[in-house]
There are 2 protein chains.
Amino acid sequence: MEYNEAKDKFINAWGTLGSNWGINKAMAQIHALLLMATEPMSAEEIMEELQMSRGNVNMNLRALMDWGIVKKEHKVGERKEFFSAGKDVWELAKQVSRERRRREIEPIIQVLGEFQNVTGDDKKAVAEFKKLTSDLYDFSSKVDGMIEKFSKSDQTWFYKLLMKI
Amino acid sequence: MEYNEAKDKFINAWGTLGSNWGINKAMAQIHALLLMATEPMSAEEIMEELQMSRGNVNMNLRALMDWGIVKKEHKVGERKEFFSAGKDVWELAKQVSRERRRREIEPIIQVLGEFQNVTGDDKKAVAEFKKLTSDLYDFSSKVDGMIEKFSKSDQTWFYKLLMKI
DNA sequence: TCTAACGTTCAAATATTTCTGAAAGTTTCA
DNA sequence: TGAAACTTTCAGAAATATTTGAACGTTAGA
């Protein structure tokens, strides 16, 4: 496969993957482009390559920086800002799981916890509801703990874990 | 907290959680309702409780059955169809991870594999691209393997794993 | 201070996804 | 077979999410 074809394919695949996971397509595509870039890129260059508006690129670059997976850089003698994505897949995975944990798992655990003191006339329904939410709470907490551990661990730990599985 | 308040809150939280993960809100809400229900429910009852149209309920029930997390049932002497969601959180987690693996991880591994024979003039870019996609491939394959193992395992295995972590 | 070169914002336009409801299809049973 | 009781489908409507681009803000250096 020719490089340019592969490049497009990769950017598209990354965009689709992102959509499946609640990340918008433009954001995922910019990330893909930066992952592939051999040098940091300016907003201008990204606009050009992905045929996106200035506003869109700016907005999504900021979102990517919020996620901690893209960094802003400055080149000496250049006024423009440049952007780059870390190339370390391991670090990327850790960072993404850290953020999703914070943004999505923590809130649900929070809510589930509040259901422990539900009251009501329909004893059966209340009992089943408490059982359900408490099971969900336990499970989520365990997953939460695992991800926390994972996102602080190093690659060696992960490979050792894989061996045990 | 009063049961009815908790019920609404749970249905809403589940809906929001779903949206974050690329599952549509109505689908997640129907699932939440069935999770809480002490008896299987008919489409009619779901429409009523969630104030949704017949078409919407029908469509999303089918999607939930596709995911394998809702089952159709028949009551003796009743013409109507009834629906229920498994109450076992462990089974639910396994089923969801099995489906997401199949729908999302498998395709990306597929695509990444195709990049191994990329050619092009810019040697540096090609080399870096191959490195990147091969790293992603390795990592995804490992995660894929883990999830496969997980989705076939029993709860005991999972708890033992948690201990080791 | 002024201005060119950039970065940021946001209201409006577009695109995408989801939802509705009525019509069409199916099943059961008298 | 006929018709009541359901379920399914799908075109158009509504709701959401994304994108644009032009106006506004900021900064560095002349």
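Source: prediction; values computed, not measured. Throughout, protein chains are lettered first and strands after them, A, B, ... in sequence-line order, and every chain is numbered starting at 1.
For D154(B), the CG atom counts as densely surrounded, since its 6.0 Å shell holds more than 12 non-hydrogen atoms of other residues, nucleotides or ligands. Taking a 6.0 Å sphere around NZ of K75(A), one finds it holds more than 12 heavy atoms contributed by other residues, nucleotides or ligands.
Straight-line distance from the CE atom of M47(A) to the P atom of dA22(D): 11 Å, rounded to whole Å. Atom CG in N60(B) sits roughly 16 Å away from atom P in dC10(D) (whole-Å rounding). Distance CG (N58(B)) to C1' (dA24(C)): 13 Å, rounded to an integer number of Å. If you take CD of E78(B) and P of dC29(C), they are 12 Å apart, rounded to a whole angstrom. Rounding to whole angstrom units, CG of residue N56(A) and C1' of dA12(C) are separated by 15 Å. Look at CG on L61(B): it is 14 Å from C1' on dC6(D), rounded to the nearest Å. What separates NZ of K72(B) from C1' of dC6(D) is a distance of 11 Å, to the nearest Å. As rounded to whole Å, 11 Å separates atom C1' of dT8(C) from atom CE of M65(A).
DNA chain D is contacted by both R79(A) and M59(A); M59(A) maps to the nucleotide lying nearer its 5′ end (nearest heavy atom per residue). Along DNA chain D, the nucleotide nearest I23(A) and the nucleotide nearest G55(A) are compared for position; the residue whose nucleotide lies closer to the 5' end is I23(A). The 5' end of DNA chain C is approached more closely, in terms of each residue's nearest nucleotide, by E44(A) than by the other of E44(A) and K25(A).
Of the candidate nucleotides dC6(C), dC19(C), dT19(D), dT19(D) has the atom nearest to the side chain of A26(A). Among the nucleotides dT8(D), dC19(C), dT20(D), the one closest to any side-chain atom of S53(A) is dT20(D). When distances are taken from the side chain of N24(B) to each of dG7(C), dT8(D), dC19(C), the shortest belongs to dC19(C). Checking dT7(D), dT20(D), dC19(C) against the side-chain heavy atoms of M52(A) singles out dT20(D) as nearest. Comparing dT9(D), dT9(C), dT7(D) by their closest approach to the side chain of R62(B) singles out dT9(D).
If you check every strand for non-hydrogen atoms under 4.0 Å, E81(B) touches sugar and phosphate atoms only.
Formation of a donor-acceptor pair under 3.5 Å by the K80(A) side chain with backbone atoms of E44(A) is not found in this model. The closest donor-acceptor contact from the side chain of K94(B) to the backbone of S153(B) lies under 3.5 Å.
The existence of a salt bridge linking E104(B) and R100(B) is confirmed by a sub-4.0 Å separation between a basic side-chain nitrogen and an acidic carboxylate oxygen.
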